[in-house]
A.B. asks: 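Pasting a structure here, questions to come.
Convention: sequence-line order gives letters A, B, ...; per-chain numbering from 1.
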Amino acid sequence: MARPNEEVEALLREYADLIEITGGDAFKARAYEKAARAIGGHGADVSRLDAAALREIPGVGKSIAEKVTEYLGTGHVPAIEETRTAVPAGVRDLLTIPTLGPRKAMTLHQELGVSSVDELVAAVHEGRLRDLKGFGEKTEENILHGVDLMQQAGDRILLSAATELAEETVAALTEATGIERCAYAGSTRRMRETIGDIDLLVAAEDSAPVMDAFVRLPQTAETVVRGRKKTSVRTTRGLQVDLRVLPPEAWGAGLQYFTGSQAHNIATRTIAGRAGLKLSEYGLFDAESGERLAAATEEEVYERLGLPWIPPTLREDRGEVAAALRGELPELVTEDDLRGDLHTHTDLTDGISSLTEMVDAAAARGYAYYAVTDHAPNLYMQRMTEEKMLAQRERVRELDGRHRRMRLLHGTELNIDADGAVDWPGEFLDGFDVCVASIHSHFRLDRAAQTRRLIRACENPHVNVIGHPSARKIGHRAPIDADYDAVFEACARTGTALEINSHPDRMDLRDEQVLRAREFGVKFAIDSDAHSVTHLPHVRYGVGTAQRGWLGKDDVINTWPLTRLRRFLRKRGR
DNA sequence: GCCGTTTTCGGCCCGACTGTTTTCAGTCG
């Protein structure tokens, strides 16, 4: 079950989409959209708020507060359900295709009777879009490309959603059965950016009560298979969750086996085989005598193989076993190492939380420093001005004394234009403590042009961090095409850090790129890109990516003490 | 539908880009 705030957010977003598709008042749709965002990013649990408290959330008025109360009380909102009957669910799915918005979706539905993504693809192949006004060859191409992008993400879900579901299920199972050991394994534990299904492990002598509790959890929609050792269910959101029950004495071997990856397991089994041992989910055995040599903990299994414990985020057969054998595993950066966040927004631009709310939430995380980096003016919708920025800076300086242990940095997120230039003249940029520069437009330039603009941004003496360097959105927008080796070289040469953006649908840079960039001696910043207080904890996913890229603490500038960080932020030539 | 008043209506994020047009609609950030 999702958090109530997220559930309500999804409901209001759906209504906003439905209003747009049916050609309703665009401002009304935007009002719902805005309220959805505000509730999704609201710090307090909305299910505990009464109508009056709901109305204190910006963007929530009488009507929306009533609908939310109604929904939380009864699970139904007649007004929304009524609109729902007018638009098949598949039509709304069309909006998830990039370049397809509400107008085109409705045209497709009304003129061609298209009511699902599959039907749309079929209609394109049958050439049925040709006759529609406003649809041409390029539109067809864009639709097919968009669908392709979505299908590459496939049925996989984002790491954040998988982690939340896995943690909730572990907690619910533990509470329901009183079992001692329950954990999630698989790609969620390895922190891959998307997850196909969730693997849960339980140590218990008697599996029946655990299986019973599992199939009765509220998030279980249907049971796929049910056995003594393994049960699989599909959740209300269509995700498969596998539960394996192991004898307690085999916990470590089971955890090791089900965490994978498959390639890592092959590598460890090969080592076992060479040593006359046999490794399975039940333990590490002597191949000849069948005697069990290790099984209770992962550490013990690895140790008996002659290896140190290998962190799950490294278990991808990317050389971790060889490194472990040489005793050269990296000491990975952890979430606790982070001393601050260098890319965050407030409601001065497109954030939801106010400056003080963000600052207080950052201080509560124990940060030693915190940068506020609202959007610069070339992202026109944000209507940023020098005056607003200077006023914010004044406010940031005032607030700097608010939390004794945390210093505030005033920064901005600049826009890298097609030529690699950024907003504002150098004299104005001089006034910032930190500048992130990101690509927000011109995603389709060719490789040479993208490479050039990124390198030019690195060479700008004011740019400290390249934000979300590939500009991809998982399942939605392909990464830009650039010669990243050349970009990494430029970063290392100019003292520009690359961001590991932790926003769950960005996860940018991605792990392989981090691994590669590290070889060039690049430094990184693990940032939340938070637009709300609830986004600050997303850095855990960025840390996962950093670990998958083999980064240690020293590679990440926001683990450094402030004095060292400040030195880095004063780039050469500035 | 929300908000903030010059309190009960009138404005609400607005400019760029794309692909379709032949002067602009739709989508995006």
A.B. asks: Using the P atoms only, state how far B:dC17 lies from B:dG10, rounded to an integer number of Å.
C.D. replies: 35 Å

A.B. asks: Taking OP1 and OP2 of B:dT18, is either one under 4.0 Å from a side-chain nitrogen or oxygen of A:N142?
C.D. replies: no

A.B. asks: Taking 4.0 angstrom as the limit, do A:R456 and A:E459 come out as a salt bridge?
C.D. replies: no

A.B. asks: Tell me the interatomic distance from A:M384, atom CE, to B:dG29, atom C1', rounded to whole angstroms.
C.D. replies: 15 Å

A.B. asks: By centroid distance (under 5.5 Å) and plane angle (under 30°), are A:Y380 and B:dC14 in a stacked arrangement?
C.D. replies: no

A.B. asks: What is the separation between atom CG on A:L132 and atom P on B:dG19, rounded to the nearest whole Å?
C.D. replies: 18 Å

A.B. asks: For B:dT18, does the O4'-C1'-N9-C4 (purine) or O4'-C1'-N1-C2 (pyrimidine) torsion place it in syn, i.e. within 90° of 0, or in anti?
C.D. replies: anti

A.B. asks: Consider the side chain of A:T139, meaning its heavy atoms from C-beta on, and name the nucleotide among B:dG1, B:dC14, B:dT20 that approaches it most closely.
C.D. replies: B:dT20

A.B. asks: Of the listed nucleotides (B:dG19, B:dC13, B:dC12), which one gets closest to any side-chain atom of A:F27?
C.D. replies: B:dC12

A.B. asks: B:dG26 C1' sits how many Å from A:L108 CG, rounded?
C.D. replies: 13 Å

A.B. asks: Could you tell me how far apart A:N415 (CG) and B:dC28 (C1') are, to the nearest whole angstrom?
C.D. replies: 14 Å

A.B. asks: Indicate yes or no: does A:D433 engage A:R397 in a salt bridge with an N to O separation below 4.0 Å.
C.D. replies: yes

A.B. asks: Check whether the side chains of A:H403 and A:D360 place a donor and an acceptor atom closer than 3.5 Å, and report yes or no.
C.D. replies: yes

A.B. asks: If you measure from the P atom in B:dG1 to the same atom in B:dT7, how many Å do you get, rounded?
C.D. replies: 25 Å

A.B. asks: Taking the same atom, C1', in B:dG11 and in B:dT5, what whole-Å distance lies between them?
C.D. replies: 11 Å

A.B. asks: What integer distance in Å separates A:K104:NZ from B:dG19:C1'?
C.D. replies: 7 Å

A.B. asks: Provide the distance between the two C1' atoms, one in B:dA16 and one in B:dT8, to the nearest whole Å.
C.D. replies: 37 Å

A.B. asks: If you check every side-chain atom of A:R383, which of B:dT27, B:dC13, B:dG1 has the closest atom?
C.D. replies: B:dC13

A.B. asks: What nucleic acid atoms does A:K62 come within less than 4.0 Å of, heavy atoms only: base, sugar-phosphate, or nothing?
C.D. replies: sugar-phosphate

A.B. asks: Using heavy atoms to find the nearest nucleotide of DNA chain B for A:K473 and A:V60 separately, return the residue whose nucleotide is more 5′.
C.D. replies: A:V60

A.B. asks: Scan A:R444 against the nucleic acid and name what it touches under 4.0 Å (heavy atoms): base, sugar-phosphate only, or nothing.
C.D. replies: sugar-phosphate

A.B. asks: May I have the distance from A:R55 (atom CZ) to B:dG1 (atom C1'), rounded to whole angstrom?
C.D. replies: 11 Å

A.B. asks: On a whole-Å scale, what distance lies between the C1' atoms belonging to B:dT23 and B:dT18?
C.D. replies: 15 Å

A.B. asks: What closest approach, in Å, do A:Y370 and A:M406 show between heavy atoms, and which atom pair accounts for it?
C.D. replies: CB-SD, 3.9 Å

A.B. asks: Quiz question: by atom type and distance under 3.5 Å, do the side chains of A:S116 and A:D118 form a donor-acceptor pair?
C.D. replies: no

A.B. asks: Please state the C1' separation for the pair B:dC13 and B:dG29 - nearest whole angstrom.
C.D. replies: 10 Å

A.B. asks: Ignoring backbone atoms, establish whether A:R30 has a side-chain N or O less than 4.0 Å from OP1 or OP2 of B:dC13.
C.D. replies: yes

A.B. asks: What is the separation between atom CG on A:N378 and atom P on B:dC14, rounded to the nearest whole Å?
C.D. replies: 16 Å

A.B. asks: When you compare B:dA25 with B:dT20, how far apart are their C1' atoms, in angstrom units rounded to a whole number?
C.D. replies: 8 Å

A.B. asks: Which nucleotide in the set B:dT20, B:dT27, B:dG1 lies at the smallest distance from any side-chain heavy atom of A:R103?
C.D. replies: B:dT27

A.B. asks: May I ask you to check if A:R393 and A:F432 form a cation-pi contact, with NZ or CZ under 6.0 angstrom from the six-membered ring centre and within 45° of the axis?
C.D. replies: yes

A.B. asks: Can you measure A:E141 atom CD to B:dT18 atom C1' for me and round it to whole angstrom units?
C.D. replies: 12 Å

A.B. asks: Which nucleotide sits closest to the side chain of A:F443: B:dT20, B:dC2, B:dG29?
C.D. replies: B:dG29

A.B. asks: In the strands shown, is B:dC24 matched to any nucleotide by a Watson-Crick or G-U wobble pair with both distances under 3.5 Å, and which?
C.D. replies: B:dG19

A.B. asks: More than 12 heavy atoms of other residues, nucleotides or ligands under 6.0 Å from CD of A:E512: yes or no?
C.D. replies: yes

